[in-house]
Every structure is written in C-alpha cells, then in structure tokens.
Protein chains: 2
Amino acid sequence: MAASMDTTPTWTIAQIADEFGVTHRTVRHYEDLGLISPERRGTTRVFHRRDRTRLNLILRGKRLGFPLEEIRTIIDLYDAPLGKRSQLEYVLAQIDDRRADLEQRRRDLEDALEELDTFERRCRAELTSGGRSAY
Amino acid sequence: MAASMDTTPTWTIAQIADEFGVTHRTVRHYEDLGLISPERRGTTRVFHRRDRTRLNLILRGKRLGFPLEEIRTIIDLYDAPLGKRSQLEYVLAQIDDRRADLEQRRRDLEDALEELDTFERRCRAELTSGGRSAY
DNA sequence: GTATTGCCTTACGTTTACGTAAACGGAAAC
DNA sequence: GTTTCCGTTTACGTAAACGTAAGGCAATAC
C-alpha cells in the first residue's frame, strides 16, 4: 500500500487557537454551542478546512457584534443544502432582516469614522496653532 | 416679571426612555456608569439636549459593539475641553486605535453585505428555476 | 520508570448589561 | 382621604461568553 494518500491538511486545537488568537476554552465553547464540530480521533479534536472557514465567519460575526447563537443560525444558513426550496422564502426574509441590520451598522460606522476625522482635524489644528487657545 | 423666559426644552425619564426605545432601568444604568448625568430637581432627573446627544452616541456605540465603559471614554473624549493640549498626542493616538478598529469593522461589514448579496442571488435563482434542481 | 507535554471533561467563577421585584415619596384624580 | 400615577433607591437575579481551576488520560522526552 502507498504511504498516506490523503493530502488534506488538519490542525490541532492548539494550532487553531493560536492562529485565530483565541483560547482553547473559546474553541471548545464554540463547539458546545454547535458553531463548529471538528472531527474526533478518539477523544481528540481534529480540525479541517471547513472548521477554519467557520471560525473565520464566527470571528467576523463577533466583530460585527452578533451574539454567538445568531452567528450559528447565520453560518448554518450558509451551509444549508440549498436543495430544499420549501424554506427559501423564509431564508430570503432572514436575509433581508440581516441586511437591514448590517446596513444600520454601516451607517453608524460611516458616521463614527467621519466624526473621528473632523475631531482629529480639530485636535491637529489645536496642536499646530502654537497653543493660543481662547480660554 | 415676564412669564418663563427660559425656553430650553427638557424631558422626563419616561419620555427619554420611550423615545430612545430603552427602559428606565437602562437610562439609570447609563447614569450609574457615568455615561450621562442629567440634572436633578430634587430627586427627579431632568434631561436636556446634551443628554439626548450623549444617548445617541451611546446607542450608536452599542450598535457598533463597543462595551459601555469604552463608550464612556470615547464620548468623554468628544466632550473634553480641548484646551488642555498636554494630552492631545495621547488623544490622537486613541483616535488612531479607534479608527483602526472601525475600519476593520467596516471591512467585515462590506464582506458580509457582499456575501448576503451573492447568497440571495443564488437563492432567487433556485426559486425561479422552476424547481428542477439536480438532486 | 517518571516527568513533562498536550489534550480532555467537569464545573464553578466572572464580567457586562441590564431585568425585576420591593418598598418608598410626591403630586393629581376622584 | 385614598387611590393612582409618575418617579426614586436598593438589591438580588440573569444571560452571554468565556476564565479558571481541578483532575484525568496518553504519548513523547530523558
């Protein structure tokens, strides 16, 4: 028999945690909530590409401020077979909700960034004005 | 004497809570954390424009996913006298941090919205294809 | 052999952001 | 006068997202 035909890479929990900048506990927590379900070899977790993809989605979802439970439904939605049309209308509605949410966030963000700009300019003006501020 | 010269409007906690879509408890909580400090007439809170401005900032900060404590430092930063140049460099550094954060979030958001788009298109294609999906 | 290393589970602790109940005060309504 | 709304404080409760031991198993390191 040929030596090791399977070429798909795998990772340990330590590598995953390290690479994604989280703790083991966090990774296990995500598994507890059903956000990821890494393979098991015996009792040990073995991570595949799929798990990394999901972890990326999870972390992005977090940065966007979504609770983990919602993140689960979202990435499950992405993973769905897409063959069962019975639920497509529902899914589309979900998507609309999600988009509305995201677009509100985007408006917030644009506003915040803009204000940072003007504020920074005010600060810099102060700095270069030589210090004569109208007390 | 003329009747009531002072024309600046004020609000009660109920009006504020109602208008901003939060509870009394939430408003008081924000006061506990020093995010707002409404006037007191006797024991009762009286809200002014300034408080509403801050509440808007707070809620936006929340939608952006910032913890309340951070939000406090941010809006305090906006409110700062801007006369004490001693701290301006520090403030500018803070602003840079904040901007980096916000810009990461923006990238996340753009990605998410884009993926929603393509996903929705896939769904709609499924729907209008008449249902002949390759089982 | 045993000591270290890496992984595992179980389970209680912690922080954040409020919810919620209890108990009280003052003004208006009847 | 007393009931009914506002408003108040105090204080315990809770959900989410992990942190942090505590204890155990299995493989490599010496």
Side-chain angles (χ1 to χ4, degrees), chain A residues 4 9-48 51-52 54-76 98 101 104-105 108, chain B residues 9-48 51-52 54-76 98 101 105 108:
Chain A
S4 110
T10 64
W11 294 266
T12 78
I13 194 173
Q15 295 170 321
I16 290 290
D18 191 58
E19 232 183 289
F20 284 84
V22 297
T23 67
H24 302 188
R25 179 65 175 87
T26 298
V27 175
R28 295 198 190 100
H29 185 54
Y30 292 164
E31 186 182 359
D32 285 347
L33 298 188
L35 287 157
I36 48 179
S37 29
E39 189 197 337
R40 294 290 186 129
R41 287 229 237 272
T43 166
T44 301
R45 275 167 264 254
V46 178
F47 294 81
H48 296 261
D51 301 308
R52 299 167 59 93
R54 294 184 73 109
L55 258 172
N56 269 316
L57 288 173
I58 295 167
L59 296 183
R60 195 173 72 195
K62 281 204 55 183
R63 284 194 300 269
L64 290 174
F66 291 105
L68 293 180
E69 276 296 335
E70 255 189 275
I71 293 176
R72 187 168 60 82
T73 73
I74 296 175
I75 62 183
D76 282 352
R98 208 116 300 301
D101 214 279
Q104 173 62 51
R105 282 166 201 269
D108 288 338
Chain B
T10 63
W11 293 266
T12 77
I13 194 173
Q15 295 170 322
I16 289 290
D18 190 57
E19 232 183 289
F20 284 84
V22 298
T23 68
H24 301 101
R25 180 64 176 87
T26 299
V27 176
R28 296 199 188 100
H29 185 54
Y30 293 164
E31 186 181 1
D32 284 348
L33 298 187
L35 287 157
I36 48 180
S37 29
E39 189 198 336
R40 294 290 186 128
R41 286 228 238 273
T43 167
T44 301
R45 274 166 264 253
V46 178
F47 294 81
H48 297 261
D51 300 308
R52 298 167 59 92
R54 293 184 73 110
L55 258 172
N56 269 315
L57 288 172
I58 294 167
L59 296 183
R60 195 174 71 197
K62 280 203 56 184
R63 285 195 298 270
L64 290 174
F66 291 105
L68 293 179
E69 276 298 333
E70 254 188 276
I71 293 176
R72 187 168 60 82
T73 72
I74 295 175
I75 63 184
D76 282 354
R98 209 116 301 300
D101 215 278
R105 282 166 201 268
D108 288 337

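Keep in mind that what you see is a predicted model, and the values were worked out from it rather than measured. Chain letters run A, B, ... following the sequence lines, proteins first, then strands; residues in each count from 1.
The base of dT20(D) lies close enough to the side chain of R25(A) for a donor and an acceptor atom to sit less than 3.5 Å apart. Contact of R28(B) with dT8(D) (side chain to base): no donor-acceptor pair of N or O atoms is detected under 3.5 Å.
R45(B) has no side-chain polar atom (N or O) that falls below the 4.0 Å cut-off from OP1 or OP2 of dG7(D). Distances shorter than 4.0 Å separate none of the side-chain N or O atoms of K62(A) from OP1 or OP2 on dA17(D). In this structure, Y30(A) reaches the dC18(D) phosphate: one of its side-chain N or O atoms is under 4.0 Å from OP1 or OP2. Close to dG26(C), at under 4.0 Å from its OP1 or OP2, lies no side-chain N or O of T43(B).
In this structure, the side chain of R63(A) does not engage the main chain of D108(B) through any donor-acceptor pair within 3.5 Å. Listed for the R41(B) side chain is no donor-acceptor partner under 3.5 Å among the backbone atoms of V46(B).
For the pair H29(A) NE2 and dT14(C) C1', the interatomic distance rounds to 13 Å; values are reported in whole Å. If you take CG of L33(A) and C1' of dA15(D), they are 12 Å apart, rounded to a whole angstrom. One can place CD1 of I13(A) at 14 Å from P of dC18(D), the figure rounded to the nearest angstrom. Put simply, CZ on F20(A) is 18 Å from C1' on dC18(D), counting in whole angstrom units. Counting to the nearest Å, the P atom of dT9(D) and the CG atom of D32(B) are 8 Å from each other. Between the P atom of dC18(C) and the CG atom of L55(B) lies a distance of 11 Å, rounded to the nearest Å. The CD1-P distance, from I58(A) to dA16(D), rounds to 16 Å in whole Å. Between the CD atom of E31(B) and the P atom of dA17(C) there is a distance of 17 Å, rounded to whole Å.
Of the candidates dC18(D), dC6(D), dC8(C), the closest approach to any side-chain atom of R40(A) belongs to dC8(C). Distances from the side chain of H24(A) to the nucleotides dC6(D), dC8(C), dC7(C) place dC7(C) closest. Picking from dC18(C), dG19(D), dC7(C) the nucleotide with the shortest atom distance to the side chain of T23(A) gives dG19(D). Here the nucleotide nearest the side chain of T26(B), chosen from dC18(C), dA17(D), dT8(D), is dC18(C).
Note on D101(A) versus R105(A): salt bridge recorded, some NZ/NE/NH1/NH2 to OD/OE distance being below 4.0 Å.
Contact record, I58(A) with L68(A): CG2-CD2, 4.3 Å, taken as the closest heavy-atom pair.
Annotation: cation-pi geometry not satisfied between R54(A) and F20(A) (NZ/CZ under 6.0 angstrom from ring centroid, within 45° of ring axis).
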